[in-house]
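Reviewing the structure listed below.
Just so it is clear, the values below take in all heavy atoms, side chains as well, and ignore hydrogens, waters and symmetry mates. The sequence lines fix the lettering, A, B, ..., with proteins before strands; numbering per chain opens at 1.
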Amino acid sequence: MDRRSAALLALLAALPLFSGSDYVQSVIVTAVLFAFVTTGMNLIFGYAGQHAFGHPVFFGVGAYASALLATRAGMPVAAAIPLGAAAAAAISFCIAVPCLRLRGLYFGMATFAFAYIIYILAQSWVALTRGPMGIPAVPPLFAPTGASLSPDERFYLLLVAVLAATVFLLDRLLHSPTGRAWIAIRENEDLAASIGVRRFLYAAAAFVAGAFVSALGGALFVHYEGFIDPTAVGFQTIVTAMIMMIAGGTGSLAGPILGAVVFGVLSELLQIAGEARNLVLGGVLLAAVAFLPEGLVGIWRRLRPAPQSLPSSPAADESLPEAYFDPRRPILSLEIRDLAKSFAGLRALEGVSFTVEPGEIVAVIGPNGAGKTTLFNLVTGFLEPSAGTVRLGGAELAGLLPAAVAARGIARTFQVTSLFSGLSVEENLRTATHLWSLRNPLDALLRSRRFRAREGEIERAVEAILSLTELSAHRHTAARALSYGDQRRLELAIAIATGSRHLLLDEPAAGLNPAESNRLRNLLRGLKGLGFTITLIEHDMKLVMELCDRVVVLNYGRKIAEGTPAETARHPEVIEAYLGREEEDAPAPQEPFPASTAFFAEKEPDA
Amino acid sequence: MLELALEQIVNGLLVGVIYTMMALGLMVILGILNVINMAQGEFYMLGGYMSFVATALLGLDYLSSIAFAMLAAAAVGILVERVAVRPFLARPPYVAFLSTLAVSMILSDGAQLIFTPDPQNIATPFPLNPIVIGPIDLTVQNIVIFLIASTIVATFAAFLKYTRLGMAVRALAKDHDVALLMGIDADRIHTLTFAIGAALAGAAGALVGAMFGVYPSMGELPLLKGFSLVIMGGLGSVGGVLAAGLTLGVAEGLTAGFISSDLTNLVAFVLLIAVLLLRPQGLSGRRLSRG
């Protein structure tokens, strides 16, 4: 657990010692209960980056579930609480499935609509919830005994203990492949898919895990309060929780707890505000988004110095660890047969066939708009082919989602630099090891021996790749702060870190100066030596000529030539495609690719 | 049986056109600013109250009061855009959601403090005795309201389709960056968009207010239903939203007539879930990613 959360929790545990009155105590209890809601919502909102606006509703759902189990089913309270939370988590899964078909704000709107459905049900399904009258006489968790601590005191200590355990476990989860995958889909969804992170699975996991945490708070709440009515799933509860989370600061464990505690007084303020409750709440919300862009923890973060980039320690062993070479992903030939793609009648690609054999470097070249990036998108699952097949060692790839293609052992880079730009270089690489990491969350929670061993291997691989791509000195730099050349190398490093040894590189040399371009050539040669198979789209003909075993030339969506660099350079159709017909006034030169220049300086706005 | 069905369908079409007005306002703001305007329901409420104020206090007739309501809502819309949206456009998109949510809460409580929570009625000059057309009873008021609502929707669609300004709005929705390169003044269009979106909601509130009265929380449900329609209608098509709006109105009418009037407010969300489940791509298939 990080220091901030630990300090906060210790403070919370000690708080009631200083408070005499029952009133103050109840304010503190409410604040700690809200800390469950904000912590739960933070998983999906702050970490996985999906704007689940309606998420705090699961607090009330858990409360209702536990109350019903205890009053209707006569279950002991100690069993009703976890079961109630589990029931709420199950409901949250049913809501996540349709909602996650949408993205961004639309996803947020859908979760909000679902929260409203739940509110209507709580109001009007009178047979179950007793409607607006609510459920009275919910039994408490602790009966009064002769012990020195009152039931309320015992309840409070339990509350802080459960919160501490939750934060402890979440911290372990966040520092594991699961947490890294959440952050990956937040930072860059397309890149996350290309390193094998399945958005739906991980977003749903964050949604449900968060709902469980929220609902646990709700279930504890209802046995403290002894009563529940539809306001627990209502608009004000949701907005209060949202304010607390945003004002505390998303994307850290301490922020939402801090927000819940500091803004816990809000609910008291609202009692005083009476009729103008929403006016006050709205004003606080507006002030929070305007003046606390990073939340309260942002202030803390600003006071703390940034980590220094240390000179790279000479690693004892810079070879890639064994786990990296996943035997389930052998290097196979990539066969593309009659691949075609039309966009609403426009034929971007038509009947393209070629094969990339293990260990080769193959270039795909062609004028702008020839269909090169479309080809990559088809192979990697970002587009679905209109016709044709893509096989890796005989297994069909066409029709698979990008993350599934990545899992078969193909990694790609994008034409426009694509990184997890808010993360450090090191974190980018660690995240990219997703496919060969130990992803079972149980291993992460228990920090099992094999989990620790695999994480150790990941660290070694990160080290090896940092030094291979000469990025060690920038390990702590945020990706967005790197120079352009370093960013392009980081992209390549991410592709390498996936463990895929079939790389599809989309214009890796675009925009590089001659020195950087040379560095790239040496790096790619080195990768070939390590057994990587590389297909690249490239306009830098010097690089293509010097590096590639074979060249495939596309024009207007068709393959017009294939062969060694020298063969294709002499091919009449290729010369025509690049330089126009001979009849036209410019005389065709002998050699279409001047040896020393990048042929096309500008970027290709691809189909 | 059949008579009830016909009656509910006709009523449903009336309600549906008004839902469409709400949804179109949300859609145009979402499409151009990438902002879910949570204050849209309060623009609707404001329209209702402005129509009430105009008829009861300023002595305007009902038809002029609708224009007054639209202008007042547009003015407040412009103010909201300046104060609570424009400063946050550079931040992540959820920030403007929260800021407009805050505005919505402030406006609805403000209305409650000024006008009290009790419903107010807008006086209209139209006779309330029904005209019987075959099996259907219609009031003159409902017919007039339907015609006004349809005219406003048609005018909005024509504006988007045929005017230069409408074209600029569509260009901005299609590709923000390229539109800027073409010399479109984004700030001006943003202001205009909010004004139009608010005016649509304000008109809807004035029309519905005449039928069912006005009260501070009247905008909550139309807002949420408007959201559902924007998603169901295919995110960005006027025709799609209109089709979804009319379907919703009729489905609600039939639910109220044949199942239970308690369940009408769930219909929108049930339809939404159905659409989400049956159209696996989601309805937003604009992104590159299929992950």
Handout entry: Asn265(B) side chain near Tyr116(A) side chain, heavy-atom distance below 4.5 Å
Key = no
The interface call for Pro87(B) against chain A, heavy-atom contacts under 4.5 Å, is neither
Asp109(B) and Leu279(A) have their tightest heavy-atom pair at OD2-N, 3.1 Å
Honestly, the part of Val280(A) sitting under 4.5 Å from a heavy atom of chain B is neither
Shortest non-hydrogen pair, Gly283(A) vs Ile106(B), comes out as N-CD1, 3.8 Å
d(Met109(A) CE, Ile231(B) CD1) to nearest 0.5 Å is 4.0 Å
Rounded to the nearest 0.5 Å, the OG atom of Ser217(B) sits from the CZ atom of Phe235(A) at a distance of 11.5 Å
What one should report as the nearest heavy-atom pair of Ala102(B) and Gly282(A) is CB-O, 3.2 Å
Whatever's closer than 4.5 Å to a heavy atom in chain B on Ile120(A) counts as side chain
So, the part of Leu272(B) with a heavy atom under 4.5 Å from chain A: the answer is side chain
Looking only at heavy atoms, the pair that brings His51(A) and Pro93(B) closest together is NE2-CG, 4.3 Å
Turns out that what part of Leu221(B) lies under 4.5 Å from chain A's heavy atoms comes down to side chain
Under 4.5 Å to a heavy atom of chain B? For Ala288(A) that would be neither
CG of Leu285(A) to OG of Ser99(B), rounded to nearest 0.5 Å, is 8.0 Å
d(Tyr119(A) OH, Glu220(B) CD) to nearest 0.5 Å is 8.0 Å
task: Would you indicate whether the side-chain heavy atoms of Phe112(A) and Phe97(B) approach each other to under 4.5 Å?
output: yes
Does Ile246(A) reach the side chain of Val95(B), with side-chain heavy atoms less than 4.5 Å apart? no
Honestly, the part of Phe269(B) sitting under 4.5 Å from a heavy atom of chain A is both
Whatever's closer than 4.5 Å to a heavy atom in chain B on Leu121(A) counts as side chain
Note to self: Does Phe258(B), at its CZ atom, have more than 12 non-hydrogen atoms belonging to other residues, nucleotides or ligands within less than 6.0 Å?
What the structure shows: yes
